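Here's the structure we're looking at; comments come further down.
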Number of protein chains: 2
Amino acid sequence: MFLSTVTNSLDAKGRVSVPADFRATISETPSKSPFDGIVVWPSLDGNYLEGGGISLLEDFQNSLDQREHYDAERSALQYMIFASSRQLAFDGGGRVSLPKDLHEYAGLNGKVTFVGLGRRFEIWSPKALEDRKDGLLALARESRHLLKTVKPGEGS
Amino acid sequence: MFLSTVTNSLDAKGRVSVPADFRATISETPSKSPFDGIVVWPSLDGNYLEGGGISLLEDFQNSLDQREHYDAERSALQYMIFASSRQLAFDGGGRVSLPKDLHEYAGLNGKVTFVGLGRRFEIWSPKALEDRKDGLLALARESRHLLKTVKPGEGS
DNA sequence: TGGGATAACATGGGATTTTATGGGATACAA
DNA sequence: TTGTATCCCATAAAATCCCATGTTATCCCA
């Protein structure tokens, strides 16, 4: 499970350390693929990146498999997620290098913030994230009741 | 189940013993993750921390999964809980080290009080907890007067 | 039931390992 | 070659492990 928010630095070669906890989460999660790294794609929702382990994409695949082959939504998601995502392998020190286009899409420079969201995570420019957070806090206060309805032990 | 209230000390390295009963509760509760420790996040309600075992977050996850991916409320809660929580692993003696920012958020210094609340627990500065208790007591006193004035059968 | 023996717990501090990060060397492609 | 990507090693800071100790709680048997 991806938890917490961590800011690391992006070096001159475009490399950034993936937080150790995130790496642990990825290696703990079983997957059919032996790929050792993360998968990242530009968000559909704004100028930031989304990512996860390879198993997350496998889950998306399974979810899409339950739809009709030419279902419009299926095609759209395939294009937006699968086609635009990149596999970024860890180097010996647990870093990945972010391709320049993703770089620019998220407006990163110098610092990179990883935001853990459970099954997946987001990658933000610290400054952009700051702006977004303020709005979410108020909404979160109002939405708390949603969590109180959780029943223990439910789900897979 | 997290029960009772225990105060332990925070050492120079920022470590604090998690009450043995709490540790037992955590190891008894089944979870998908092999993580051995607690998960802690700043409360939305005041300057104290909330926490539980990793299974509590897994339950939150399942609850949020029932909403659309880009649902605003879902995003808000993901940010406030998942993104702001930390996984704190037990050391050999059943302690965790509290990151400095959580430290400061809860105004801890020297002593830490764990308050068991069933499925989760809270972490308070003993002094702050004292103050809240006083507040609740005062409120209770006022409420008692209110109750007297609305006793059935008493005319106004 | 008393009271010594034993185990569990909270806590301190030094030693060791992990992490994040920089930079050189090497392989690859255009 | 020239630019780009990958591998490898170095290092400082931080997190974690491990052992020691006093204290409290629990056990056990006469």
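Everything numeric here is computed off the predicted structure, so don't read it as measured data. Any value given below was found using the heavy atoms of this structure, including those in side chains, with hydrogens, waters and symmetry copies removed. Just so we're on the same page: letters track the sequence lines, and every chain starts at 1.
- A:Leu10 and A:Val6 fall into different hydrophobic clusters, defined by Ile, Leu, Val, Met, Phe, Trp and Tyr side-chain heavy atoms under 4.5 Å apart, directly or through other members.
- For B:Tyr105, the side chain to side chain contact (heavy atoms under 4.5 Å, CB included) partners are B:Pro42, B:Asn47, B:Leu49, not counting sequence neighbours.
- The residue A:Val6 sits apart from the nucleic acid: no heavy atom pair falls under 4.0 Å.
- One can place CG of A:Leu10 at 10 Å from P of C:dT21, the figure rounded to the nearest angstrom.
- The residue A:Gly92 sits apart from the nucleic acid: no heavy atom pair falls under 4.0 Å.
- Nucleotide C:dA7: paired with D:dT24 (Watson-Crick or G-U wobble, both distances less than 3.5 Å).
- We find that CG of A:Leu98 is positioned 16 Å from C1' of D:dT4, with the value rounded to whole Å.
- To the nearest angstrom, P of D:dC8 lies 13 Å from CZ of A:Arg15.
- Counting non-hydrogen atoms under 4.0 angstrom, A:Asp91 reaches nothing in the nucleic acid.
- Looking at B:Asp65 and A:Arg119, a side-chain N of the basic residue comes within less than 4.0 Å of a carboxylate O on the acidic one, giving a salt bridge.
- Taking 4.0 angstrom as the limit, A:Ser9 places a side-chain polar atom (N or O) nearer than this to OP1 or OP2 of C:dT21.
- Nucleotide D:dA14 holds its P atom 14 Å from the CG atom of B:Asp101, rounded to whole Å.
- A:Phe90 places its CZ atom 13 Å from the C1' atom of C:dT19, with the value rounded to the nearest Å.
- When the nearest nucleotides of DNA chain D are assigned to A:Arg95 and B:Arg95 by heavy-atom distance, the more 5′-ward of the two goes with A:Arg95.
- Judged by distance alone, the side chain of B:Arg15 and the main-chain N or O of B:Leu98 form no donor-acceptor pair under 3.5 Å.
- The interatomic distance linking A:Lys13 (NZ) with D:dT4 (C1') rounds to 10 Å, in whole Å.
- D:dA15 atom P lies 11 Å from atom CG of B:Leu88, rounded to whole Å.
- For the pair A:Asp11 CG and D:dC8 C1', the computed distance is 15 Å after rounding to whole Å.
- When the shell of 6.0 Å around CD of A:Glu28 is examined, it contains more than 12 heavy atoms from other residues, nucleotides or ligands.
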